[in-house]
Amino acid sequence: MDDLQGTVRSIREKALELLEEMERHGFSADPTLSGAVAAMQKATNVLGAGEVEVSKPPPVSQDAAIVLGLASTALPFASSIDDEAERWLRILRLHGQVGVALQALGVPEGPLETGAGEPPKEAEYPQRRAEPVTEVLSRARELARRRSATTTGTLDILFALFSVYGRAFDKALYARGTTREELLACLAEHEPADAAAV
């Protein structure tokens with residue numbers, strides 16, 4: 001996001017410099033060129049508004065807010081990355097567009113706790129994060145902003161989870177009888193069900 005903001009700012013600065021040059025060379029006084037000055041002024045105004053818009057991510061939908069709220073209470077009790085991914089999946093199953101798709105795939109509710117097992121190999125899984133909900137929210141909002149969405153929904157949370165948890169989230173899906181590919185195909189078939197922004 002910082003790169004995009006920098007690019008918009010840089011283009012606006014160049015447009016303002018060009019506008020000053022046009023003024024200096026008398027474009028405004030020439031009836032045949034005054035339209036170009038007005039158009040350049042409009043472009044700098046739009047870029048200025050775009051700079052503000054780029055920095056403001058879309059608000060979180062009601063369903064996504066519920067998912068994030070539940071995750072913030074459930075994740076501190078997780079014992080591993082696998083356990084965190086399981087908890088996210090169990091929460092997502094009940095809310096928004098992703099919940100509709102998971103239920104359509106027959107993903108069962110399952111217990112919140114994961115069973116004890118062999119710890120994952122360090123190289124296979126990412127390190128547990130100090131603030132996983134904050135990181136998922138940040139990535140989800142950035143994804144929503146990039147696709148010019150009006151709200152950050154459960155779909156954005158899902159893709160953020162793919163990014164943050166990787167194979168651990170795929171493993172959680174597999175344990176519930178589905179795969180990332182099946183989920184994405186199902187999402188493509190279902191209408192969005194995320195509620196309005198909070």
Side-chain angles (χ1 to χ4, degrees), residues 1-16 39-75 81 84-85 87-102 104 125-170 172-173 180-198:
M1 188 164 78
D2 290 339
D3 290 346
L4 184 56
Q5 284 177 324
T7 301
V8 170
R9 192 174 299 114
S10 175
I11 291 171
R12 184 167 190 259
E13 287 170 6
K14 295 290 184 197
L16 286 168
M40 184 56 68
Q41 182 63 56
K42 184 176 179 181
T44 58
N45 292 342
V46 168
L47 287 168
E51 193 174 335
V52 172
E53 196 61 36
V54 162
S55 64
K56 185 179 175 189
V60 177
S61 74
Q62 289 177 354
D63 287 320
I66 291 169
V67 168
L68 293 163
L70 291 171
S72 68
T73 61
L75 265 58
I81 286 285
E84 284 185 17
R87 288 167 188 256
W88 277 109
L89 183 57
R90 185 167 190 263
I91 294 165
L92 268 177
R93 184 192 168 278
L94 301 174
H95 302 283
Q97 181 182 4
V98 175
V100 169
L102 288 168
Y125 294 103
Q127 291 276 335
R128 286 192 70 191
R129 285 144 170 94
E131 298 289 336
V133 176
T134 303
E135 184 171 351
V136 168
L137 172 59
S138 176
R139 291 194 192 194
R141 292 185 91 180
E142 176 60 15
L143 290 167
R145 188 194 61 75
R146 283 184 187 176
R147 65 183 181 90
S148 301
T150 55
T151 60
T152 301
T154 57
L155 186 62
D156 302 299
I157 291 175
L158 176 68
F159 279 94
L161 291 170
F162 287 154
S163 171
V164 171
Y165 288 92
R167 293 176 67 182
F169 199 78
D170 289 335
L173 286 169
R180 183 187 298 213
E181 292 74 22
E182 288 174 344
L183 177 55
L184 294 176
C186 189
L187 280 164
E189 294 172 11
H190 286 80
E191 290 293 315
D194 281 341
V198 290

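Using a 4.5 Å cut-off on side-chain heavy atoms (C-beta onward), T150 and P58 make no contact. With a 4.5 Å cut-off on side-chain heavy atoms, L183 and L173 count as touching. Between D156 and R141, the closest side-chain pair of non-hydrogen atoms is not below 4.5 Å. Between F169 and L158 the shortest side-chain heavy-atom distance falls below 4.5 Å. Residues L89 and L102 form a side-chain contact, since some pair of their non-hydrogen atoms from C-beta on lies under 4.5 Å apart. Annotation: side chain of L70 is not in contact with side chain of L94 (no heavy-atom distance under 4.5 Å).
Separating the NE2 atom in H95 from the CD atom in Q97 is a distance of 15.0 Å, to the nearest 0.5 Å. Going from atom CD of E181 over to atom CG of D170 covers 7.0 Å, rounded to the nearest 0.5 Å. Separating the OG atom in S61 from the CG atom in L155 is a distance of 10.5 Å, to the nearest 0.5 Å. Once rounded to the nearest 0.5 Å, the distance linking OG1 of T154 with CG of L187 reads 8.0 Å. Atoms CZ and CZ, from F162 and R139 in turn, are 13.5 Å apart once rounded to the nearest 0.5 Å. Expressed to the nearest 0.5 Å, how far CZ of R147 lies from CZ of F159 amounts to 9.0 Å.
Residues Y165 and P132 share a closest heavy-atom pair of OH-CB, 3.5 Å. Taking each heavy atom of C186 and A101 in turn, the nearest pair found is SG-O, 3.6 Å. Nearest heavy atom pair, residue T152 against residue A64, reads O-CB, 3.4 Å. Between I81 and A168, the shortest heavy-atom contact is CG2-CB, 3.3 Å.
Using a 4.0 Å cut-off between charged nitrogen and carboxylate oxygen, R145 and E142 count as a salt-bridge pair.
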Show your reasoning for whether side chain to side chain contact (heavy atoms under 4.5 Å, CB included) applies to V67 and V98. CA-CA 11 Å; V67 168; V98 175; over 6 Å; no

